[in-house]
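Read through the structure below, which is laid out as structure tokens, and then see the notes.
Note on naming: letters A, B, ... go to the chains in the order of the sequence lines (proteins, then strands), and numbering restarts at 1 for each one. Atoms considered below: every heavy atom in the structure, side chains included; atoms not considered: hydrogens, waters and symmetry mates.
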There are 2 protein chains.
Amino acid sequence: MNTNMDMTDSELSEKLRAVGLRATRPRLDLARLLFQGENCHLTAESLHEDVQQAGLKMSLATIYNSLHQFTEAGLLRQVVVDSARSYFDTNTSDHHHFFISNENRLIDIPAEKVSVSDLPDVPAGLDITGVDVIIRLHKA
Amino acid sequence: MNTNMDMTDSELSEKLRAVGLRATRPRLDLARLLFQGENCHLTAESLHEDVQQAGLKMSLATIYNSLHQFTEAGLLRQVVVDSARSYFDTNTSDHHHFFISNENRLIDIPAEKVSVSDLPDVPAGLDITGVDVIIRLHKA
DNA sequence: ATTTGTGCAAATCGTTTGCATCTGA
DNA sequence: TCAGATGCAAACGATTTGCACAAAT
């Protein structure tokens, strides 16, 4: 599977359809920004800026809706680190995060670098849906 | 130091003054609810309800302000698990959390129960301000 | 007396929704 | 064709702020 700069529009369309999303113009525009190249951590606002810098127009509402659709479809992962704003991560594999609180910046930590051992018993009738490790950093 | 049901008002006042906060009536009312007895995890809303159930009146604004003052003073700890709402924890010691997402409920995990090993190098010029481990649970 | 805190209501900010209009399959 | 998507603007909920009043040292 392709993952980077070299994805063509039809490959992106395919990626969307593969998860049950119609390959509409706005969704393709977003997919191009999200799944090509750099953009790893983003907020609705930052993505909106990227859209504008790409010379495109899209309402914030559509961006919010699309981010959630992508997330539900498994193309993005939501990262809860800041009560002020929602972050999304194009890396959906198992991993953790540094969060630099005075820069609002996230950095990935590979899953293997952190071992969580001896989890206490999970109360009966409950399933684990995820384990998040957030290492909060502060720039001196 | 006292920690529970048996704290008198003057001990609570002392606790507030010890961290540089004037022992005002509203702050004492909150301290009584927070630092006596059960209340471990709370939101501004839930605390507001507790205030009312205690037969008191206090504006939400004052509750928000007080929660932040208490947090900055080190009497509370903020727990970021849900983008919809801020949680606070009266347990300020080092520990982690289960979060039951479809019940909006937190459960403490003692720090020793989780070992985070081999942290990757922290980028130069950055300090660790905290390590949060959140185990997300879902009631079947 | 002076500083600090409170309460209210209005403002703010991120996010969601209703609805009329478009558009992809 | 026509279910599904979009865009706008209005609604929303949590949180914050401005300001006149009240209380603490």
Side-chain angles (χ1 to χ4, degrees), chain A residues 9-10 12-34 41-52 54 56-73 75-76 78-88 104, chain B residues 9-10 12-34 41-52 54 56-73 75-76 78-88 104:
Chain A
D9 273 18
S10 64
L12 288 169
S13 296
E14 192 43 47
K15 183 175 177 119
L16 291 175
R17 278 193 225 94
V19 295
L21 293 174
R22 273 156 71 161
T24 64
R25 176 77 201 303
R27 293 213 269 236
L28 263 174
D29 287 339
L30 293 181
R32 219 175 285 118
L33 292 168
L34 292 172
H41 302 116
L42 54 121
T43 64
E45 278 302 337
S46 80
L47 181 55
H48 192 226
E49 285 164 23
D50 291 349
V51 164
Q52 296 182 329
L56 304 166
K57 282 188 216 302
M58 199 180 305
S59 76
L60 255 181
T62 299
I63 292 189
Y64 275 106
N65 291 336
S66 301
L67 284 175
H68 289 138
Q69 291 155 357
F70 286 14
T71 300
E72 273 155 40
L75 300 177
L76 290 177
Q78 193 163 2
V79 184
V80 180
V81 282
D82 183 348
S83 55
R85 174 171 32 249
S86 286
Y87 285 82
F88 295 86
N104 284 350
Chain B
D9 274 18
S10 65
L12 287 169
S13 296
E14 192 42 49
K15 184 176 177 118
L16 290 175
R17 279 194 224 89
V19 295
L21 292 173
R22 275 155 68 160
T24 64
R25 175 80 200 301
R27 292 213 270 237
L28 264 174
D29 287 340
L30 293 181
R32 218 174 288 117
L33 291 168
L34 293 171
H41 303 114
L42 54 122
T43 63
E45 278 300 337
S46 79
L47 181 55
H48 191 226
E49 285 165 23
D50 291 349
V51 164
Q52 297 183 328
L56 305 167
K57 283 188 213 303
M58 197 180 305
S59 77
L60 255 179
T62 299
I63 292 190
Y64 275 106
N65 291 337
S66 302
L67 284 175
H68 290 138
Q69 292 155 355
F70 285 15
T71 300
E72 272 154 40
L75 300 178
L76 290 177
Q78 192 164 4
V79 184
V80 179
V81 284
D82 184 349
S83 54
R85 173 173 31 251
S86 286
Y87 286 82
F88 295 86
N104 285 349

Practice task
Start with the C-alpha distance between A:Leu34 and A:Leu47, add both sets of side-chain angles, then the distance that settles side chain to side chain contact (heavy atoms under 4.5 Å, CB included), and finish with yes or no.
Solution key: CA-CA 9 Å; A:Leu34 292 172; A:Leu47 181 55; 4.0 Å; yes
To the nearest Å, give me how far apart [atom1] ([X]) and [atom2] ([N]) are.
X: B:Glu49; N: D:dA14; atom1: CD; atom2: P; answer: 11 Å
X: A:Leu16; N: D:dA5; atom1: CG; atom2: P; answer: 11 Å
X: A:Arg27; N: D:dG4; atom1: CZ; atom2: C1'; answer: 8 Å
X: A:Leu47; N: C:dG14; atom1: CG; atom2: P; answer: 15 Å
X: B:Phe88; N: D:dT15; atom1: CZ; atom2: C1'; answer: 10 Å
X: B:Leu56; N: C:dT6; atom1: CG; atom2: P; answer: 14 Å
X: B:Ile63; N: D:dT16; atom1: CD1; atom2: C1'; answer: 15 Å
X: A:Phe70; N: D:dA5; atom1: CZ; atom2: P; answer: 11 Å

Handout entry: B:Ser46 side-chain N/O to B:Leu42 backbone N/O, donor-acceptor pair under 3.5 Å
Key =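 Judged by distance alone, no pair lies under 3.5 Å.
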Practice task
Would you check if the side chain of A:His48 reaches a backbone N or O of A:Thr43 as a donor-acceptor pair within less than 3.5 Å?
Solution key: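 Looks like no, no N/O pair under 3.5 Å.
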Exercise for the section: Return yes if the base of D:dA24 and the side-chain atoms of B:Arg22 contain a donor-acceptor N/O pair under 3.5 Å, otherwise no. Expected result: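 Between D:dA24 and B:Arg22, which were checked side chain against base, a qualifying N/O pair under 3.5 Å is present.
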Below the 4.0 Å mark, does [N] have OP1 or OP2 next to a side-chain nitrogen or oxygen of [X]?
X: B:Ser59; N: C:dT6; result: no
X: A:Tyr64; N: C:dT16; result: no
X: A:Arg17; N: C:dA25; result: yes
X: B:His68; N: D:dT16; result: yes
X: B:Ser86; N: D:dA14; result: no

Problem - Residue mapping more 5' on DNA chain D - nearest nucleotide basis, B:Asn65 or B:Arg25 - result: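 First, find each residue's nearest nucleotide; the 5'-ward one identifies B:Asn65.
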Practice task
Please report the closest heavy-atom contact between A:Asp9 and A:Leu28, naming both atoms and the distance.
Solution key: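 Where A:Asp9 meets A:Leu28 most closely, the heavy atoms are O-CD2, 3.8 Å.
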Which part of the nucleic acid, if any, lies within reach of [X] when heavy atoms closer than 4.0 Å are counted: base, sugar-phosphate only, or nothing?
X: B:His48; value: nothing
X: B:Ser83; value: nothing
X: B:Arg85; value: sugar-phosphate
X: B:Thr24; value: sugar-phosphate

Practice task
Run the numbers on A:Val19 and A:Lys15 for side chain to side chain contact (heavy atoms under 4.5 Å, CB included), then give the verdict.
Solution key: CA-CA 7 Å; A:Val19 295; A:Lys15 183 175 177 119; over 6 Å; no
Exercise for the section: Identify, between A:Ala61 and A:Glu45, the residue whose nearest nucleotide on DNA chain C lies closer to the 5' end. Expected result: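 Looking at the nearest nucleotide for each, A:Glu45 comes out on the 5' side.
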